[in-house]
Asks: 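This is the structure I want to talk about, given as structure tokens.
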Amino acid sequence: MKIGDRDFRSIWAEEDGERVGIIDQTKLPHELKIVHLTNMEETATAISDMWVRGAPLIGATAAYGMAFALRKDPSDAGLAEAYDILHATRPTAINLRWALDAVRQRIGALPESERAEAAWALAEEICDEDVETNRRIGQNGLKLIEAIARDKKPGEPVNVLTHCNAGWLATVDWGTATSPIYLAHEKGIPVHVYVDETRPRNQGAGLTAWELANHGVDHTLVVDNAGGHLMQHGKVDLCIVGSDRTTALGDVCNKIGTYLKALAARDNGVPFYAALPASTIDWTVRNGVAEIPIEERAGEEVSHIIGINDSGTVERVRISPEATPVSNYAFDVTPARLVSGLITERGVCNASEAGLSELFPEYAKKRA
Ligand code: MRU
């Protein structure tokens, strides 16, 4: 998508074939810092320290991490070691395992002399596929926005609430939750986005708001606790969130606080959708609450906050008493019964085993 008048992806291979460019997302929205990754260790750090984040982008970055590792050591042992290191970087987003499995299966079958080059090509393929997948998610989700614009809000903006950043920065391009929004905007459908700030790391305030502003999409930043109030007052027509892992029964694991938005949406009759690619579906998990590992991150993400002061200096300040204990669960699970539907690259389906099996019969068959 656009930064100024320049088209960007969130990750790209440089022409030298040696380096992978990323945007250090920990610096946004105050600084656009491009970083070049040159080896597997840096790639692992980029994921665990969240220079890159968002389920699909984590997967795409990890694929390049495998390619870097295979340049150094293309043996089976090298492959296995890189897999384990990269897999340990973030536990919840399943796209990480999906991408690592794809590299292990396809590249592990090749002779050692061919592995590094083939892994690099596969990482590029994963990135290109992600862009196309998200564009399709956008086309499918666009129909929901179009229907509201036509039937409920003719001539008025459609108000979409989103949580965290499931935008182009969380994928290679387009985003998942934002893709229908960008397409509606491009089609001239008036759309306005309520952006949850998304404490503790503020991916809404720092990333989603930044993306939408750069692309010229009308939006308003709200505190995380505002969603229920906005919905009670008819200010939200549709919620669209992303997903870090969706179960075979349609439970949606996403950034902490998503569940509360779904509860408020249900109480107020607001449709609540999750937008996700097939690579986010974990067909091995049925009950999301019981089975999905929820990442717990450093307490300092909660007790401290980063911002820019009036002199233009980026500062980190503590907002709680020094001795106060902190817990920091990064994700929660929204049960399928609260999800109006899943927007995927193949279409929109019910958040249920039957809905998912209809869209993805080949996976359903494999599990049976
Ligand atoms: O911790 P993060 O920033 O990686 O969490 C990101 C989210 O929760 C997104 O909503 C999710 O990855 C969907 S990505 C399109």
Side-chain angles (χ1 to χ4, degrees), residues 1 9-11 22-26 28 46-62 89-99 130-131 133-138 141 161-182 193 195-211 224 239-246 252-262 272-282 288 292-298 301-302 328-334 339 342-345:
M1 305 307 288
R9 282 185 177 188
S10 63
I11 188 166
I22 57 161
I23 297 170
D24 179 353
Q25 299 189 21
T26 64
L28 289 173
I47 299 171
S48 57
D49 290 0
M50 293 178 69
W51 309 349
V52 291
R53 26 66 53 204
L57 179 57
I58 291 169
T61 310
T89 51
R90 295 213 53 200
T92 300
I94 197 64
N95 306 60
L96 175 61
R97 191 181 79 197
W98 172 86
D130 184 66
V131 178
T133 296
N134 296 327
R135 201 184 55 78
R136 289 197 189 153
I137 288 172
L161 182 137
T162 192
H163 191 67
C164 194
N165 174 261
W168 70 264
L169 289 166
T171 64
V172 178
D173 205 355
W174 288 104
T176 55
T178 55
S179 187
I181 294 167
Y182 286 128
V193 185
V195 178
D196 283 354
E197 60 179 347
T198 320
R199 280 281 288 146
R201 291 184 67 97
N202 290 318
Q203 291 96 326
L207 304 178
T208 305
W210 182 83
E211 272 191 23
D224 290 324
C239 298
I240 313 180
V241 299
S243 174
D244 287 82
R245 199 185 292 216
T246 300
V252 171
C253 180
N254 192 51
K255 182 53 55 187
I256 192 85
T258 302
Y259 172 46
L260 290 176
K261 293 299 137 69
F272 184 94
Y273 284 85
L276 54 119
S279 52
T280 299
I281 304 167
D282 186 345
I292 296 178
I294 299 294
E295 179 178 10
E296 287 183 63
R297 295 188 60 86
E301 291 183 354
V302 177
N328 184 12
Y329 294 100
F331 298 94
D332 62 22
V333 174
T334 301
V339 180
L342 304 172
I343 307 170
T344 78
E345 66 269 41

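None of the values given here were measured: they were computed from a predicted structure. Order of appearance sets the numbers: ligands from 1, and atoms from 1 within every ligand.
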Asks: Can you list the residues that meet the side chain to side chain donor-acceptor pair (under 3.5 Å) rule with R245, with sequence neighbours excluded?
Replies: D282

Asks: Could you give me the CA-CA distance, side-chain angles and deciding distance for D196 and T198, then say whether side chain to side chain donor-acceptor pair (under 3.5 Å) is met?
Replies: CA-CA 5 Å; D196 283 354; T198 320; 5.4 Å; no

Asks: Determine yes or no for a side-chain-to-main-chain donor-acceptor pair under 3.5 angstrom, with R90 supplying the side chain and E295 the backbone.
Replies: no

Asks: May I ask you to test the L57-L169 pair for a side-chain heavy-atom distance under 4.5 Å?
Replies: no

Asks: Quick one: ring pair (Phe, Tyr, Trp, His ring centres under 6.0 Å) partners of Y273, sequence neighbours excluded?
Replies: none

Asks: Residues two or more places apart in sequence or in another chain: which of them pass side chain to side chain contact (heavy atoms under 4.5 Å, CB included) with T344?
Replies: L342, R346, L359, F360

Asks: Residues around ligand 1, heavy atom under 4.0 Å from any ligand atom, sorted by chain and number. Can you pull those?
Replies: M50, R53, G54, A55, P56, R90, C164, N165, A166, A170, T171, T176, Q203, G242, S243, D244, N254, K255, F331

